[in-house]
There are 2 protein chains.
Amino acid sequence: MPPAAKRPLATDATGRPVRPALTREYIVRAALAILDRDGPAGLSMRKLGAELGVNPMAFYHHLPNKGALFDGVIEAAYAELDVDIDGPDGGWRNILAAFARGLYDVLRRHPHVVPLVATRPAYSPAVLGVADRALGALGRSGFADRDLLVMVNALRSFTIGHVLAETGDPAGGPVPAAADAAVLLGDYPNLARAITGGHRPQEQFEQVLAALLDGFDRWPRRAGT
Amino acid sequence: MPPAAKRPLATDATGRPVRPALTREYIVRAALAILDRDGPAGLSMRKLGAELGVNPMAFYHHLPNKGALFDGVIEAAYAELDVDIDGPDGGWRNILAAFARGLYDVLRRHPHVVPLVATRPAYSPAVLGVADRALGALGRSGFADRDLLVMVNALRSFTIGHVLAETGDPAGGPVPAAADAAVLLGDYPNLARAITGGHRPQEQFEQVLAALLDGFDRWPRRAGT
DNA sequence: ACCTGAACACCGTTCAAGT
DNA sequence: ACCTGAACACCGTTCAAGT
(Lines give C-alpha, C1' and ligand atoms only; values in the text may rest on other atoms or scores of the structure.)
Protein backbone atom coordinates (compact mmCIF):
# COMPACT_ATOMS: atom_id res chain seq x y z
CA MET A 1 0.00 0.00 0.00
CA PRO A 2 1.10 3.64 -0.58
CA PRO A 3 2.74 5.71 2.20
CA ALA A 4 -0.60 7.52 2.66
CA ALA A 5 0.45 11.04 3.72
CA LYS A 6 0.31 10.71 7.49
CA ARG A 7 -0.92 13.58 9.60
CA PRO A 8 -0.21 13.64 13.33
CA LEU A 9 -3.08 12.22 15.34
CA ALA A 10 -3.52 15.42 17.37
CA THR A 11 -2.48 19.06 17.01
CA ASP A 12 -2.81 22.18 19.17
CA ALA A 13 -4.32 25.54 18.14
CA THR A 14 -1.19 26.52 16.17
CA GLY A 15 -1.16 23.21 14.31
CA ARG A 16 1.84 21.93 16.20
CA PRO A 17 1.52 18.24 17.10
CA VAL A 18 0.71 17.67 20.73
CA ARG A 19 1.26 14.58 22.82
CA PRO A 20 -0.96 14.10 25.87
CA ALA A 21 0.26 12.04 28.80
CA LEU A 22 0.88 8.42 27.94
CA THR A 23 -1.99 6.39 29.36
CA ARG A 24 -3.60 3.10 28.42
CA GLU A 25 -6.62 5.04 27.20
CA TYR A 26 -4.56 7.34 24.98
CA ILE A 27 -2.44 4.52 23.56
CA VAL A 28 -5.49 2.43 22.72
CA ARG A 29 -7.29 5.29 20.99
CA ALA A 30 -4.22 6.04 18.91
CA ALA A 31 -3.93 2.36 18.00
CA LEU A 32 -7.55 2.31 16.82
CA ALA A 33 -7.00 5.44 14.75
CA ILE A 34 -3.92 3.96 13.09
CA LEU A 35 -5.68 0.67 12.44
CA ASP A 36 -8.56 2.53 10.79
CA ARG A 37 -6.18 4.60 8.71
CA ASP A 38 -3.44 2.14 7.71
CA GLY A 39 -4.82 -1.33 8.39
CA PRO A 40 -3.12 -4.09 10.36
CA ALA A 41 0.23 -3.71 8.58
CA GLY A 42 0.42 -0.17 9.98
CA LEU A 43 -0.06 -1.15 13.60
CA SER A 44 3.20 -2.35 15.08
CA MET A 45 4.53 -1.38 18.48
CA ARG A 46 7.41 0.34 16.74
CA LYS A 47 5.29 2.33 14.32
CA LEU A 48 2.88 3.25 17.09
CA GLY A 49 5.87 4.52 19.07
CA ALA A 50 7.08 6.60 16.13
CA GLU A 51 3.60 8.06 15.63
CA LEU A 52 3.30 9.07 19.29
CA GLY A 53 6.89 10.30 19.51
CA VAL A 54 7.82 7.79 22.14
CA ASN A 55 10.06 4.79 22.54
CA PRO A 56 8.10 1.64 21.65
CA MET A 57 9.11 0.10 24.95
CA ALA A 58 7.22 2.78 26.84
CA PHE A 59 3.95 1.00 26.05
CA TYR A 60 4.95 -1.98 28.14
CA HIS A 61 4.47 0.11 31.26
CA HIS A 62 0.79 0.46 30.42
CA LEU A 63 0.02 -2.80 28.62
CA PRO A 64 1.54 -6.25 29.14
CA ASN A 65 1.80 -7.10 25.43
CA LYS A 66 0.38 -6.53 21.97
CA GLY A 67 -2.56 -8.81 22.62
CA ALA A 68 -3.68 -6.50 25.40
CA LEU A 69 -3.38 -3.59 22.98
CA PHE A 70 -5.72 -5.44 20.61
CA ASP A 71 -8.16 -6.08 23.44
CA GLY A 72 -8.13 -2.38 24.23
CA VAL A 73 -8.85 -1.55 20.59
CA ILE A 74 -11.79 -3.97 20.59
CA GLU A 75 -13.07 -2.33 23.73
CA ALA A 76 -12.77 1.12 22.17
CA ALA A 77 -14.72 0.03 19.10
CA TYR A 78 -17.42 -1.68 21.17
CA ALA A 79 -17.80 1.53 23.16
CA GLU A 80 -19.44 2.99 20.05
CA LEU A 81 -22.11 0.30 20.18
CA ASP A 82 -24.99 2.11 21.81
CA VAL A 83 -28.13 0.04 21.42
CA ASP A 84 -31.33 1.76 22.47
CA ILE A 85 -32.71 -1.00 24.64
CA ASP A 86 -35.59 0.84 26.24
CA GLY A 87 -36.78 2.66 23.14
CA PRO A 88 -40.39 3.47 22.23
CA ASP A 89 -41.09 -0.12 21.23
CA GLY A 90 -39.33 -2.54 23.57
CA GLY A 91 -40.58 -5.70 21.90
CA TRP A 92 -38.03 -8.52 21.69
CA ARG A 93 -37.92 -8.34 17.91
CA ASN A 94 -36.98 -4.67 17.90
CA ILE A 95 -34.41 -5.07 20.63
CA LEU A 96 -32.66 -7.93 18.83
CA ALA A 97 -32.79 -6.12 15.49
CA ALA A 98 -31.35 -2.97 17.07
CA PHE A 99 -28.53 -5.01 18.60
CA ALA A 100 -27.69 -6.71 15.28
CA ARG A 101 -27.87 -3.47 13.28
CA GLY A 102 -25.83 -1.59 15.87
CA LEU A 103 -23.11 -4.22 15.78
CA TYR A 104 -23.20 -4.29 11.97
CA ASP A 105 -22.74 -0.53 11.80
CA VAL A 106 -19.89 -0.41 14.30
CA LEU A 107 -18.01 -3.19 12.53
CA ARG A 108 -18.43 -1.60 9.12
CA ARG A 109 -17.08 1.64 10.54
CA HIS A 110 -13.93 -0.19 11.66
CA PRO A 111 -13.33 -2.92 9.09
CA HIS A 112 -9.77 -3.59 10.22
CA VAL A 113 -11.00 -4.32 13.73
CA VAL A 114 -13.40 -7.03 12.60
CA PRO A 115 -10.87 -9.87 12.53
CA LEU A 116 -9.98 -8.94 16.10
CA VAL A 117 -13.51 -8.90 17.51
CA ALA A 118 -14.17 -12.08 15.52
CA THR A 119 -11.49 -14.05 17.31
CA ARG A 120 -10.69 -12.40 20.64
CA PRO A 121 -13.27 -12.73 23.45
CA ALA A 122 -14.33 -9.37 24.86
CA TYR A 123 -14.87 -9.24 28.59
CA SER A 124 -14.85 -5.50 29.11
CA PRO A 125 -17.52 -4.07 31.43
CA ALA A 126 -18.99 -2.12 28.49
CA VAL A 127 -19.71 -5.27 26.52
CA LEU A 128 -20.91 -7.32 29.46
CA GLY A 129 -23.07 -4.44 30.67
CA VAL A 130 -24.85 -4.03 27.34
CA ALA A 131 -25.42 -7.77 27.07
CA ASP A 132 -26.74 -7.97 30.60
CA ARG A 133 -29.14 -5.05 30.18
CA ALA A 134 -30.33 -6.43 26.85
CA LEU A 135 -31.06 -9.80 28.40
CA GLY A 136 -32.92 -8.05 31.20
CA ALA A 137 -35.10 -6.12 28.76
CA LEU A 138 -35.70 -9.26 26.72
CA GLY A 139 -36.83 -11.11 29.82
CA ARG A 140 -40.30 -9.65 29.41
CA SER A 141 -40.66 -11.50 26.11
CA GLY A 142 -41.36 -14.83 27.78
CA PHE A 143 -38.47 -16.69 26.10
CA ALA A 144 -36.24 -18.85 28.28
CA ASP A 145 -33.00 -17.16 29.35
CA ARG A 146 -30.99 -19.86 27.61
CA ASP A 147 -32.83 -19.28 24.35
CA LEU A 148 -32.36 -15.53 24.57
CA LEU A 149 -28.62 -16.01 24.91
CA VAL A 150 -28.65 -18.36 21.92
CA MET A 151 -30.44 -15.68 19.90
CA VAL A 152 -27.96 -12.96 20.83
CA ASN A 153 -25.00 -15.22 20.11
CA ALA A 154 -26.48 -16.26 16.78
CA LEU A 155 -26.97 -12.64 15.74
CA ARG A 156 -23.43 -11.86 16.81
CA SER A 157 -21.97 -14.82 14.90
CA PHE A 158 -23.93 -14.11 11.75
CA THR A 159 -23.16 -10.40 11.81
CA ILE A 160 -19.46 -10.95 12.31
CA GLY A 161 -19.33 -13.63 9.63
CA HIS A 162 -21.20 -11.38 7.25
CA VAL A 163 -18.95 -8.37 7.81
CA LEU A 164 -15.84 -10.52 7.53
CA ALA A 165 -16.98 -11.68 4.11
CA GLU A 166 -17.92 -8.14 3.18
CA THR A 167 -14.90 -6.15 4.30
CA GLY A 168 -12.59 -8.19 6.56
CA ASP A 169 -8.81 -8.12 6.21
CA PRO A 170 -7.42 -11.27 4.65
CA ALA A 171 -5.38 -12.95 7.41
CA GLY A 172 -1.76 -13.23 6.31
CA GLY A 173 -1.45 -10.53 3.71
CA PRO A 174 -3.52 -9.46 0.71
CA VAL A 175 -5.04 -12.06 -1.59
CA PRO A 176 -3.53 -12.64 -5.08
CA ALA A 177 -6.42 -10.73 -6.73
CA ALA A 178 -7.04 -13.61 -9.10
CA ALA A 179 -9.89 -15.72 -10.34
CA ASP A 180 -12.59 -13.25 -9.47
CA ALA A 181 -13.52 -13.29 -13.11
CA ALA A 182 -13.49 -17.08 -13.29
CA VAL A 183 -16.94 -17.09 -11.75
CA LEU A 184 -18.27 -15.18 -14.70
CA LEU A 185 -16.42 -17.32 -17.20
CA GLY A 186 -19.30 -19.67 -17.64
CA ASP A 187 -17.68 -22.63 -15.90
CA TYR A 188 -20.26 -22.26 -13.16
CA PRO A 189 -23.56 -21.35 -14.80
CA ASN A 190 -25.74 -21.58 -11.70
CA LEU A 191 -23.38 -19.38 -9.70
CA ALA A 192 -23.10 -16.92 -12.54
CA ARG A 193 -26.87 -16.66 -12.84
CA ALA A 194 -27.36 -16.14 -9.09
CA ILE A 195 -24.72 -13.42 -8.95
CA THR A 196 -26.05 -11.23 -11.76
CA GLY A 197 -27.13 -7.90 -10.37
CA GLY A 198 -24.34 -7.41 -7.82
CA HIS A 199 -24.01 -8.20 -4.15
CA ARG A 200 -25.78 -5.52 -2.12
CA PRO A 201 -24.47 -6.80 1.22
CA GLN A 202 -26.58 -4.52 3.39
CA GLU A 203 -29.82 -5.70 1.76
CA GLN A 204 -28.76 -9.30 2.26
CA PHE A 205 -27.97 -8.59 5.89
CA GLU A 206 -31.48 -7.24 6.46
CA GLN A 207 -33.03 -10.12 4.58
CA VAL A 208 -31.28 -12.75 6.68
CA LEU A 209 -31.83 -10.82 9.90
CA ALA A 210 -35.57 -10.91 9.23
CA ALA A 211 -35.41 -14.64 8.49
CA LEU A 212 -33.58 -15.31 11.74
CA LEU A 213 -36.11 -13.32 13.76
CA ASP A 214 -38.96 -15.13 11.99
CA GLY A 215 -37.32 -18.40 12.99
CA PHE A 216 -36.91 -17.29 16.61
CA ASP A 217 -40.58 -16.29 16.63
CA ARG A 218 -41.53 -19.97 16.55
CA TRP A 219 -39.56 -20.85 19.68
CA PRO A 220 -41.57 -21.67 22.82
CA ARG A 221 -42.30 -18.95 25.35
CA ARG A 222 -44.37 -18.23 28.39
CA ALA A 223 -47.40 -15.95 28.59
CA GLY A 224 -45.50 -12.72 27.51
CA THR A 225 -46.08 -10.53 24.43
CA MET B 1 3.42 -23.35 23.95
CA PRO B 2 5.57 -26.44 24.69
CA PRO B 3 7.95 -27.95 22.07
CA ALA B 4 5.34 -30.68 21.50
CA ALA B 5 7.44 -33.73 20.53
CA LYS B 6 7.45 -33.38 16.77
CA ARG B 7 7.36 -36.46 14.59
CA PRO B 8 8.33 -36.24 10.93
CA LEU B 9 5.32 -35.75 8.70
CA ALA B 10 6.03 -38.91 6.67
CA THR B 11 8.16 -42.03 7.13
CA ASP B 12 9.01 -45.04 4.97
CA ALA B 13 8.54 -48.72 5.89
CA THR B 14 11.61 -48.73 8.16
CA GLY B 15 10.49 -45.62 9.98
CA ARG B 16 13.06 -43.43 8.32
CA PRO B 17 11.69 -40.01 7.39
CA VAL B 18 11.05 -39.63 3.71
CA ARG B 19 10.73 -36.50 1.63
CA PRO B 20 8.70 -36.68 -1.57
CA ALA B 21 9.39 -34.31 -4.43
CA LEU B 22 8.72 -30.70 -3.56
CA THR B 23 5.46 -29.71 -5.21
CA ARG B 24 2.79 -27.17 -4.42
CA GLU B 25 0.50 -30.02 -3.41
CA TYR B 26 3.03 -31.52 -1.00
CA ILE B 27 4.00 -28.17 0.52
CA VAL B 28 0.38 -27.23 1.11
CA ARG B 29 -0.49 -30.55 2.76
CA ALA B 30 2.50 -30.26 5.07
CA ALA B 31 1.49 -26.70 5.95
CA LEU B 32 -2.02 -27.86 6.87
CA ALA B 33 -0.61 -30.68 9.02
CA ILE B 34 1.68 -28.25 10.86
CA LEU B 35 -1.12 -25.76 11.34
CA ASP B 36 -3.33 -28.48 12.80
CA ARG B 37 -0.54 -29.68 15.09
CA ASP B 38 1.14 -26.45 16.23
CA GLY B 39 -1.26 -23.63 15.45
CA PRO B 40 -0.44 -20.45 13.55
CA ALA B 41 2.71 -19.70 15.56
CA GLY B 42 4.16 -22.97 14.23
CA LEU B 43 3.65 -22.15 10.58
CA SER B 44 6.42 -19.91 9.31
CA MET B 45 8.23 -20.36 6.02
CA ARG B 46 11.40 -21.03 7.99
CA LYS B 47 9.89 -23.67 10.27
CA LEU B 48 8.12 -25.31 7.35
CA GLY B 49 11.50 -25.47 5.61
CA ALA B 50 13.12 -27.06 8.64
CA GLU B 51 10.31 -29.60 8.91
CA LEU B 52 10.62 -30.62 5.27
CA GLY B 53 14.41 -30.58 5.32
CA VAL B 54 14.64 -27.85 2.72
CA ASN B 55 15.77 -24.26 2.45
CA PRO B 56 12.81 -21.96 3.15
CA MET B 57 13.48 -20.14 -0.08
CA ALA B 58 12.74 -23.28 -2.07
CA PHE B 59 9.02 -22.69 -1.54
CA TYR B 60 9.12 -19.53 -3.59
CA HIS B 61 9.57 -21.61 -6.72
CA HIS B 62 6.18 -23.18 -6.13
CA LEU B 63 4.24 -20.40 -4.41
CA PRO B 64 4.57 -16.63 -4.87
CA ASN B 65 4.27 -15.77 -1.16
CA LYS B 66 2.87 -16.84 2.20
CA GLY B 67 -0.61 -15.65 1.30
CA ALA B 68 -0.69 -18.16 -1.54
CA LEU B 69 0.38 -20.84 0.95
CA PHE B 70 -2.60 -19.90 3.11
CA ASP B 71 -4.91 -20.08 0.11
CA GLY B 72 -3.60 -23.56 -0.63
CA VAL B 73 -4.25 -24.62 2.95
CA ILE B 74 -7.82 -23.32 2.71
CA GLU B 75 -8.27 -25.26 -0.50
CA ALA B 76 -6.94 -28.44 1.13
CA ALA B 77 -9.36 -28.08 4.03
CA TYR B 78 -12.32 -27.34 1.77
CA ALA B 79 -11.47 -30.48 -0.22
CA GLU B 80 -12.74 -32.44 2.79
CA LEU B 81 -16.13 -30.79 2.45
CA ASP B 82 -18.12 -33.44 0.64
CA VAL B 83 -21.79 -32.55 0.79
CA ASP B 84 -24.16 -35.21 -0.45
CA ILE B 85 -26.23 -33.05 -2.73
CA ASP B 86 -28.22 -35.72 -4.50
CA GLY B 87 -28.94 -37.88 -1.46
CA PRO B 88 -32.11 -39.87 -0.81
CA ASP B 89 -34.03 -36.71 0.10
CA GLY B 90 -33.03 -33.82 -2.13
CA GLY B 91 -35.39 -31.28 -0.61
CA TRP B 92 -33.94 -27.78 -0.26
CA ARG B 93 -34.05 -27.95 3.51
CA ASN B 94 -31.93 -31.10 3.63
CA ILE B 95 -29.47 -29.82 1.08
CA LEU B 96 -28.89 -26.56 2.96
CA ALA B 97 -28.64 -28.35 6.31
CA ALA B 98 -26.12 -30.81 4.87
CA PHE B 99 -24.05 -27.93 3.52
CA ALA B 100 -24.05 -26.10 6.86
CA ARG B 101 -23.27 -29.23 8.89
CA GLY B 102 -20.56 -30.29 6.46
CA LEU B 103 -18.89 -26.91 6.72
CA TYR B 104 -19.27 -26.91 10.50
CA ASP B 105 -17.59 -30.32 10.76
CA VAL B 106 -14.71 -29.44 8.45
CA LEU B 107 -13.98 -26.22 10.33
CA ARG B 108 -14.09 -27.90 13.73
CA ARG B 109 -11.63 -30.49 12.46
CA HIS B 110 -9.20 -27.69 11.51
CA PRO B 111 -9.74 -24.94 14.10
CA HIS B 112 -6.53 -23.12 13.22
CA VAL B 113 -7.67 -22.80 9.62
CA VAL B 114 -10.92 -21.06 10.55
CA PRO B 115 -9.48 -17.52 10.76
CA LEU B 116 -8.10 -18.06 7.25
CA VAL B 117 -11.30 -19.27 5.61
CA ALA B 118 -13.12 -16.52 7.51
CA THR B 119 -11.12 -13.74 5.88
CA ARG B 120 -9.60 -14.98 2.62
CA PRO B 121 -11.94 -15.51 -0.35
CA ALA B 122 -11.72 -19.02 -1.78
CA TYR B 123 -11.94 -19.29 -5.54
CA SER B 124 -10.62 -22.82 -6.00
CA PRO B 125 -12.48 -25.00 -8.50
CA ALA B 126 -13.43 -27.37 -5.67
CA VAL B 127 -15.30 -24.66 -3.78
CA LEU B 128 -16.90 -23.10 -6.83
CA GLY B 129 -17.88 -26.52 -8.14
CA VAL B 130 -19.65 -27.52 -4.94
CA ALA B 131 -21.45 -24.21 -4.75
CA ASP B 132 -22.53 -24.40 -8.36
CA ARG B 133 -23.83 -27.97 -8.07
CA ALA B 134 -25.63 -27.11 -4.85
CA LEU B 135 -27.35 -24.16 -6.50
CA GLY B 136 -28.31 -26.40 -9.38
CA ALA B 137 -29.89 -28.97 -7.08
CA LEU B 138 -31.66 -26.22 -5.12
CA GLY B 139 -33.11 -24.81 -8.31
CA ARG B 140 -35.91 -27.37 -8.12
CA SER B 141 -37.09 -25.77 -4.87
CA GLY B 142 -38.75 -22.86 -6.63
CA PHE B 143 -36.78 -20.16 -4.79
CA ALA B 144 -35.24 -17.37 -6.84
CA ASP B 145 -31.56 -17.85 -7.65
CA ARG B 146 -30.70 -14.66 -5.81
CA ASP B 147 -32.45 -15.85 -2.68
CA LEU B 148 -30.74 -19.23 -2.82
CA LEU B 149 -27.37 -17.52 -2.91
CA VAL B 150 -28.38 -15.34 0.03
CA MET B 151 -29.30 -18.49 1.98
CA VAL B 152 -26.01 -20.21 1.23
CA ASN B 153 -24.03 -17.11 2.13
CA ALA B 154 -26.00 -16.66 5.34
CA LEU B 155 -25.32 -20.25 6.39
CA ARG B 156 -21.66 -19.78 5.57
CA SER B 157 -21.41 -16.54 7.55
CA PHE B 158 -23.24 -17.90 10.56
CA THR B 159 -21.28 -21.16 10.60
CA ILE B 160 -17.93 -19.39 10.34
CA GLY B 161 -18.89 -16.85 12.99
CA HIS B 162 -20.07 -19.62 15.27
CA VAL B 163 -16.93 -21.72 14.90
CA LEU B 164 -14.74 -18.63 15.36
CA ALA B 165 -16.43 -17.96 18.69
CA GLU B 166 -16.21 -21.64 19.61
CA THR B 167 -12.62 -22.48 18.73
CA GLY B 168 -10.98 -19.77 16.64
CA ASP B 169 -7.43 -18.58 17.22
CA PRO B 170 -7.27 -15.17 18.83
CA ALA B 171 -5.72 -12.89 16.20
CA GLY B 172 -2.48 -11.41 17.55
CA GLY B 173 -1.47 -13.88 20.21
CA PRO B 174 -3.26 -15.62 23.09
CA VAL B 175 -5.73 -13.71 25.23
CA PRO B 176 -4.75 -12.68 28.80
CA ALA B 177 -6.91 -15.48 30.28
CA ALA B 178 -8.63 -13.03 32.60
CA ALA B 179 -12.08 -11.99 33.60
CA ASP B 180 -13.77 -15.22 32.58
CA ALA B 181 -14.93 -15.52 36.15
CA ALA B 182 -16.17 -11.93 36.29
CA VAL B 183 -19.32 -13.00 34.49
CA LEU B 184 -20.18 -15.27 37.37
CA LEU B 185 -19.28 -12.66 39.96
CA GLY B 186 -22.82 -11.40 40.18
CA ASP B 187 -22.14 -8.08 38.50
CA TYR B 188 -24.23 -9.27 35.57
CA PRO B 189 -27.14 -11.26 37.00
CA ASN B 190 -29.04 -11.74 33.73
CA LEU B 191 -25.98 -13.00 31.92
CA ALA B 192 -25.07 -15.27 34.81
CA ARG B 193 -28.56 -16.77 34.86
CA ALA B 194 -28.59 -17.38 31.10
CA ILE B 195 -25.19 -19.06 31.17
CA THR B 196 -25.90 -21.61 33.92
CA GLY B 197 -25.71 -25.10 32.49
CA GLY B 198 -22.77 -24.59 30.15
CA HIS B 199 -22.45 -23.69 26.49
CA ARG B 200 -23.08 -26.81 24.37
CA PRO B 201 -22.04 -25.10 21.11
CA GLN B 202 -23.12 -27.92 18.83
CA GLU B 203 -26.67 -27.91 20.21
CA GLN B 204 -26.83 -24.15 19.75
CA PHE B 205 -25.60 -24.52 16.19
CA GLU B 206 -28.40 -26.96 15.39
CA GLN B 207 -30.96 -24.78 17.13
CA VAL B 208 -30.04 -21.70 15.13
CA LEU B 209 -29.69 -23.67 11.90
CA ALA B 210 -33.27 -24.84 12.31
CA ALA B 211 -34.42 -21.28 13.01
CA LEU B 212 -32.70 -19.99 9.88
CA LEU B 213 -34.28 -22.68 7.72
CA ASP B 214 -37.68 -21.95 9.26
CA GLY B 215 -37.17 -18.33 8.35
CA PHE B 216 -36.16 -19.17 4.77
CA ASP B 217 -39.27 -21.35 4.52
CA ARG B 218 -41.39 -18.21 4.48
CA TRP B 219 -39.64 -16.68 1.49
CA PRO B 220 -41.57 -16.53 -1.78
CA ARG B 221 -41.16 -19.32 -4.33
CA ARG B 222 -42.66 -20.66 -7.50
CA ALA B 223 -44.75 -23.83 -7.87
CA GLY B 224 -41.94 -26.25 -6.68
CA THR B 225 -41.92 -28.58 -3.67
C1' DA C 1 7.12 5.34 38.43
C1' DC C 2 8.07 6.03 33.96
C1' DC C 3 10.91 6.12 29.88
C1' DT C 4 15.22 4.84 27.04
C1' DG C 5 18.77 2.06 24.23
C1' DA C 6 20.83 -1.96 23.15
C1' DA C 7 20.17 -6.58 22.34
C1' DC C 8 17.79 -11.21 21.37
C1' DA C 9 15.26 -14.24 18.78
C1' DC C 10 12.54 -14.26 15.46
C1' DC C 11 9.86 -12.93 10.76
C1' DG C 12 8.91 -12.73 4.99
C1' DT C 13 11.26 -11.86 1.02
C1' DT C 14 15.03 -10.29 -2.65
C1' DC C 15 18.84 -11.36 -5.05
C1' DA C 16 22.96 -13.39 -6.83
C1' DA C 17 24.92 -17.70 -7.14
C1' DG C 18 25.19 -22.54 -7.79
C1' DT C 19 23.62 -27.21 -10.21
C1' DA D 1 14.44 -25.75 -13.63
C1' DC D 2 15.10 -25.98 -9.08
C1' DC D 3 17.50 -25.17 -4.80
C1' DT D 4 20.93 -22.56 -1.67
C1' DG D 5 23.18 -18.81 1.34
C1' DA D 6 23.69 -14.35 2.52
C1' DA D 7 21.48 -10.22 3.22
C1' DC D 8 17.64 -6.65 3.97
C1' DA D 9 14.08 -4.67 6.33
C1' DC D 10 11.31 -5.59 9.46
C1' DC D 11 8.89 -7.79 13.96
C1' DG D 12 7.63 -8.37 19.65
C1' DT D 13 9.84 -8.45 23.79
C1' DT D 14 13.66 -8.70 27.74
C1' DC D 15 16.73 -6.45 30.40
C1' DA D 16 19.80 -3.18 32.42
C1' DA D 17 20.19 1.54 32.81
C1' DG D 18 18.77 6.17 33.41
C1' DT D 19 15.58 10.03 35.65
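Each chain gets a letter, A, B and so on, in the order its sequence line appears, and its residues count up from 1.
- Rounded to whole Å, the distance from CZ on A:Arg46 to C1' on D:dA9 is 11 Å.
- Without hydrogens or angle criteria, A:Arg120 side chain to B:Ala171 main chain gives a donor-acceptor distance under 3.5 Å.
- Contact annotation: the side chain of B:Asp145 never approaches that of B:Leu135 to less than 4.5 Å [non-hydrogen atoms, C-beta and beyond].
- Side chain to side chain, A:Arg156 and A:Asn153 fail the donor-acceptor criterion of an N or O pair below 3.5 Å.
- In this structure, B:Leu22 atom CG and D:dT4 atom P are separated by 9 Å, rounded to whole Å.
- Atom pair A:Arg24:CZ and C:dA1:C1' shows a separation of 19 Å (rounding to whole Å applied).
- Candidate nucleotides D:dC2, D:dT13, C:dC2 were compared by shortest atom distance to the side chain of A:Lys66, and D:dT13 ranks first.
- Nearest nucleotide to the B:Asn55 side chain, out of C:dT4, D:dT13, D:dG5: D:dG5.
- Residue B:Tyr60 places its side chain closer to C:dG12 than to any other of D:dG12, C:dG12, D:dG5.
- Using a 30° and 60° split on the angle between ring planes, B:Phe205 and B:Tyr104 fall in the parallel class, below 30°.
- Side-chain nitrogen and oxygen atoms of B:His62 include none within less than 4.0 Å of the OP1 or OP2 phosphate oxygen of D:dA1.
- Protein atom CE of B:Met45 is 17 Å distant from nucleotide atom P of D:dG5, rounded to whole Å.
- Along DNA chain D, the nucleotide nearest to A:Met57 and the one nearest to A:His61 differ in position, and the one closer to the 5' end is contacted by A:Met57.
- Counting only distance, with no hydrogens or angles, the side chain of B:Gln204 and the backbone of B:His199 share a donor-acceptor pair below 3.5 Å.
- If you take CG of A:Leu69 and C1' of D:dG12, they are 12 Å apart, rounded to a whole angstrom.
- The distance from atom CG of A:Leu52 to atom C1' of C:dT4 is 16 Å, rounded to the nearest whole Å.
- Projected onto DNA chain C by closest heavy-atom contact, A:Gly53 and B:Ser44 fall at different nucleotides, the more 5' of which corresponds to A:Gly53.
- Atom C1' of nucleotide C:dC10 and atom CG of B:Leu43 are separated by 15 Å, given to the nearest angstrom.
- Side-chain nitrogen and oxygen atoms of B:Lys47 include at least one within less than 4.0 Å of the OP1 or OP2 phosphate oxygen of C:dC11.
- The distance between atom CZ of A:Phe59 and atom C1' of D:dT14, rounded to the nearest whole Å, is 17 Å.
- For D:dG12, the paired base is C:dC8 (Watson-Crick or G-U wobble, both distances below 3.5 Å).
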